[in-house]
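Below is one structure, written out as structure tokens; comments come after it.
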Amino acid sequence: VQLQAFGGGLVQAGGSLRVSCAASGRTFSSYYMGWFRQAPGKEREFVAAISWTGIGTRYADSVKGRFTIFSRDNAKNTVYLQMNSLKPEDTAVYYCAADTRVTFSTGSYYYTRPQTWRNWGQGTQVTVSS
């Protein structure tokens, strides 16, 4: 599956932004979808994920209550991440990821591990100014 992330930009602290991830190439509906981010000098970290059914979601503690990974639109092969109450520490390149082997339970393919996800988009920059 090929992924393309878009929708990043510059926003003031407290503002909102929505990033999107468009997928193509395979049956989108069987994939878990996730968002990760990477700030300069830091490791890539988990942000949010949604199950292939669109029912289950998971969030990093740092974004819980502020970010929402949309119920996926399988017809459009697109997943969205709505980001509200943005903080300067949210500044990073945001990457979308997809895989069929992801689990929300404990195991080798746990959703928070970047190594679990085999398909990645190119990333979109989100900058939050103070």
Side-chain angles (χ1 to χ4, degrees):
V1 62
Q2 290 78 45
L3 304 173
Q4 183 175 4
F6 53 94
L10 174 64
V11 64
Q12 288 188 332
S16 298
L17 201 62
R18 180 183 299 178
V19 291
S20 305
C21 179
S24 61
R26 289 288 182 94
T27 305
F28 178 70
S29 60
S30 62
Y31 283 76
Y32 279 66
M33 300 295 295
W35 285 95
F36 286 74
R37 65 187 181 187
Q38 189 165 18
K42 295 187 176 181
E43 294 185 351
R44 190 168 298 190
E45 64 174 2
F46 168 76
V47 176
I50 188 167
S51 67
W52 68 272
T53 63
I55 297 175
T57 56
R58 297 291 187 275
Y59 297 94
D61 288 343
S62 60
V63 306
K64 203 170 292 184
R66 300 188 298 121
F67 289 14
T68 302
I69 187 167
F70 270 46
S71 56
R72 52 198 296 158
D73 185 340
N74 287 342
K76 296 182 178 180
N77 286 0
T78 304
V79 172
Y80 310 93
L81 182 68
Q82 177 68 38
M83 302 181 290
N84 299 329
S85 302
L86 282 161
K87 305 175 181 179
E89 50 264 43
D90 294 318
T91 295
V93 177
Y94 282 70
Y95 297 91
C96 61
D99 212 297
T100 55
R101 67 183 185 181
V102 174
T103 178
F104 283 168
S105 303
T106 56
S108 299
Y109 300 129
Y110 199 54
Y111 65 97
T112 60
R113 302 175 69 241
Q115 303 92 315
T116 290
W117 304 77
R118 292 173 292 184
N119 303 285
W120 293 88
Q122 84 287 0
T124 184
Q125 177 70 47
V126 172
T127 303
V128 184
S129 62
S130 57

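The first residue in the sequence is number 1, and the count goes up from there.
If you take OH on Y31 and CG on N77, they are separated by 11.0 Å, rounding to the nearest 0.5 Å. Atoms CD and CG, on Q2 and N119 in that order, are 8.0 Å from each other to the nearest 0.5 Å. In this structure, Y111 OH and T57 OG1 are separated by 9.5 Å, a value rounded to the nearest 0.5 Å. With rounding to the nearest 0.5 Å, the separation of CZ in F36 from CH2 in W120 is 4.5 Å. Atom-to-atom distance recorded for T78:OG1 and Q4:CD is 10.0 Å, nearest 0.5 angstrom.
The shortest non-hydrogen separation linking V1 to A23 is CG2-CB, 3.8 Å. Of all the heavy atoms in T112 and F46, the pair that sits closest is O-CB, 3.8 Å. Here the shortest heavy-atom pairing between A49 and F104 reads CB-CE2, 4.0 Å. Nearest heavy-atom pair, S108 versus R113, reported as atom, atom and distance to 0.1 Å: O-NH1, 2.7 Å. Of all the heavy atoms in S20 and Y80, the pair that sits closest is OG-CD2, 3.2 Å.
For Y59, the OH atom sits in a packed shell: over 12 heavy atoms of surrounding residues, nucleotides or ligands are nearer than 6.0 Å. Annotation for Q115: atom CD counts as buried by contact number, over 12 foreign heavy atoms lying within 6.0 Å.
One hydrophobic cluster, built from ILVMFWY side chains closer than 4.5 Å, cannot hold both Y109 and L3; they sit in different ones. Side-chain heavy atoms closer than 4.5 Å link hydrophobic residues (I, L, V, M, F, W, Y) into clusters, and following such links, even through other members, never connects V126 to F6. Both W52 and Y110 are assigned to one and the same hydrophobic cluster, defined by single-linkage of ILVMFWY side chains at heavy-atom distances under 4.5 Å.
In terms of modelled atom types and a separation under 3.5 Å, the side chain of R58 and the main chain of G34 share no donor-acceptor contact. Judged purely by atom type and a 3.5 angstrom limit, T116 has no side-chain atom pairing as donor or acceptor with the backbone of V102.
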Residues 81-98, side-chain donor-acceptor partners within the protein, below 3.5 Å, at least two apart:
unit_1 : atom_1 : unit_2 : atom_2 : d
Q82    : OE1    : R18    : NE     : 2.8
Q82    : OE1    : R18    : NH2    : 3.3
Q82    : NE2    : N84    : OD1    : 2.9
N84    : OD1    : S16    : OG     : 2.9
D90    : OD1    : R37    : NH1    : 2.9
D90    : OD1    : R66    : NH2    : 3.0
D90    : OD2    : R66    : NH1    : 2.8
D90    : OD2    : R66    : NH2    : 3.4
D90    : OD2    : K87    : N      : 2.8
T91    : OG1    : P88    : O      : 2.9
T91    : OG1    : V128   : N      : 2.9
T91    : OG1    : V128   : O      : 3.4
Y94    : OH     : R37    : NH1    : 2.9
Y94    : OH     : D90    : O      : 2.7

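At least one cation-pi condition fails for R44 and W117: the charged atom is not both under 6.0 angstrom from the six-membered ring centre and inside a 45 degree cone around its axis.
For R118, the salt bridge (charged side-chain N to carboxylate O under 4.0 Å, His left out) partners are D99, not counting sequence neighbours. The ring pair (Phe, Tyr, Trp, His ring centres under 6.0 Å) test applied to F67 returns no partner, not counting sequence neighbours.
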